[in-house]
Amino acid sequence: MQVQILCVGKIKDPYISAGIAEFEKRLRPYAKIFITELAEVKIPENASASEEIRVKEKEGELILANVKEGFSTIALDPYGLSLSSEGFSGIFREAKLSGRNICFIIGGPLGLSPELLKSVEKKLSLSQMTFTHTMSRLILFEQIYRAFRILNGEPYHK
C-alpha cells in the first residue's frame with residue numbers, strides 16, 4: 001500500500017521534522033509513505049476575508065493537481081469525522097481490501113477551500129482542538145503508524 005501525505009508548507013521546526021522522520025522509519029515495513037510538500041500561497045498582510053478565500057482556492061487547485069491518480073482522498077478538516085485509533089485503522093483495512101492507496105491532504109495555515117473539501121472522498125478531524133498544520137502532520141504520522149500496528153495485531157499503547 002502507498003500513502004501520500006499531501007501538504008501545504010514546509011516544516012521549519014526541527015523537533016517536528018525529527019518526529020516525522022522517526023515515524024517514517026517505523027512505517028517502512030508496513031507501507032510506502034511519501035510526502036508531497038507544496039509551496040504556501042503568500043497571504044497578504046492584514047488580508048481581507050476575500051483575499052483569504054482566494055489563497056485557499058489557489059492552494060486547493062495546487063493540491064488537487066498533485067493528488068496521485070487512483071488514490072483515495074482524505075482531507076484533514078476540523079469539521080470532519082472524528083475516529084478512535086481503531087476506527088482510523090479501518091480506513092487502511094478498507095483500502096487494503098479494495099487495493100486502493102490513500103492520499104491525506106493537509107492544508108496551509110488558513111485551512112482548505114470549500115471546493116476542495118467537496119471533492120474529497122472523506123473528511124477527517126484529528127481533534128476538536130486546533131493544531132498548526134505542521135503539528136497536524138506529525139500527529140497524522142503517529143496515528144498512521146498506530147493504525148498499522150492495530151491492523152497487524154501488534155501491541156500499541158492504548
Side-chain angles (χ1 to χ4, degrees), residues 1-49 51-68 71-85 87-89 91-92 95 101-150 156-157:
M1 172 183 294
Q2 294 183 49
V3 179
Q4 178 184 22
I5 311 295
L6 183 52
C7 42
V8 174
K10 295 201 177 289
I11 294 183
K12 296 170 183 104
D13 299 309
Y15 69 95
I16 292 178
S17 295
I20 289 170
E22 176 62 27
F23 284 111
E24 281 182 295
K25 184 175 76 175
R26 291 182 189 186
L27 281 161
R28 283 187 195 126
Y30 303 108
K32 181 178 185 218
I33 310 287
F34 57 97
I35 300 170
T36 305
E37 287 183 335
L38 304 173
E40 288 182 35
V41 174
K42 185 167 174 34
I43 304 167
E45 195 172 317
N46 300 318
S48 67
E51 287 172 319
E52 288 185 358
I53 289 169
R54 277 195 294 280
V55 167
K56 289 196 293 187
E57 287 172 351
K58 285 180 186 176
E59 287 179 347
E61 291 167 7
L62 189 58
I63 289 168
L64 290 174
N66 281 277
V67 172
K68 298 283 185 194
F71 279 60
S72 296
T73 52
I74 302 172
L76 297 190
D77 177 57
Y79 305 104
L81 182 63
S82 181
L83 296 172
S84 66
S85 294
F88 183 62
S89 72
I91 290 173
F92 295 93
N101 296 307
I102 301 173
C103 175
F104 288 98
I105 298 169
I106 304 173
L110 297 176
L112 297 167
S113 71
E115 294 79 17
L116 184 138
L117 290 171
K118 287 178 198 168
S119 73
V120 298
E121 294 170 44
K122 291 182 182 168
K123 294 180 256 334
L124 178 69
S125 172
L126 292 178
S127 172
Q128 290 185 354
M129 290 186 247
T130 302
F131 302 118
T132 64
H133 59 287
T134 57
M135 184 63 78
S136 295
R137 195 182 317 182
L138 176 58
I139 293 167
L140 177 63
F141 264 91
E142 190 279 335
Q143 286 300 302
I144 292 170
Y145 172 70
R146 186 179 299 264
F148 277 106
R149 300 282 295 185
I150 291 167
Y156 69 97
H157 182 67

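We count residues from 1, following the sequence as given.
The distance from the CG atom of Asn66 to the CD1 atom of Ile105 is 10.0 Å, given to the nearest 0.5 Å. Between the CE atom in Met135 and the CD1 atom in Ile106 there is a gap of 12.0 Å [rounded to 0.5 Å]. Here Thr134 contributes atom OG1 and Asp13 contributes atom CG; the two are 5.5 Å apart, rounded to the nearest 0.5 Å. Interatomic distance, OG1 of Thr73 versus CG of Asn101, reported as 12.5 Å (0.5 Å rounding). With rounding to the nearest 0.5 Å, the separation of CG in Leu126 from CG in Leu83 is 10.0 Å. Taking SG of Cys7 as the reference point, atom NE2 of His133 lies at 8.0 Å (rounded to 0.5 Å).
Put simply, the side chain of Lys122 reaches to within 4.5 Å of the side chain of Ile91, judged on heavy atoms. With contacts defined as side-chain heavy-atom distances shorter than 4.5 Å, the pair Val120/Asp77 does not qualify. Side-chain contact between Val55 and Glu51 is absent, with no heavy-atom pair separated by less than 4.5 Å. Residues Lys123 and Leu117 meet the side-chain proximity criterion, which asks for heavy atoms closer than 4.5 Å. Between Phe141 and Leu27 the shortest side-chain heavy-atom distance falls below 4.5 Å.
The nearest pair of heavy atoms linking Ser125 to Gly80 is CB-O, 3.5 Å. For the pair Cys103 and Leu6, the tightest heavy-atom approach, listed with the atom from each and the gap, is SG-CB, 3.8 Å. Across all their heavy atoms, Ala147 and Phe88 have their closest contact at CB-CD2, 3.9 Å. Listed here is the closest heavy atom pair of Ala75 and Leu112: CB-CD1, 3.7 Å. Closest non-hydrogen pair, Ser119 versus Leu64, comes out as OG-CD2, 3.5 Å. Minimum heavy-atom separation, Gln143 to Ser85: OE1-OG, 2.8 Å.
Salt bridge Glu52/Lys56: absent, no basic N to carboxylate O contact under 4.0 Å. Lys25 and Glu22 are joined by a salt bridge, as a carboxylate oxygen and a charged side-chain nitrogen come within less than 4.0 angstrom of each other.
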Candidate pair Leu138 and Phe131, rule side-chain contact (heavy atoms from CB on, under 4.5 Å), full reasoning: CA-CA 10 Å; Leu138 176 58; Phe131 302 118; over 6 Å; no

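Classified by interplanar angle (parallel below 30°, tilted 30° to 60°, perpendicular above 60°), the ring pair Phe148/Tyr30 is parallel.
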Please table the atom pairs, donor to acceptor, closer than 3.5 Å between any side-chain atom in residues 33-44 and protein atoms at least two apart or in another chain.
unit_1, atom_1, unit_2, atom_2, d
Thr36, OG1, Gln4, NE2, 3.0
Glu37, OE1, Lys10, NZ, 3.3
Glu37, OE2, Arg137, NH1, 2.7

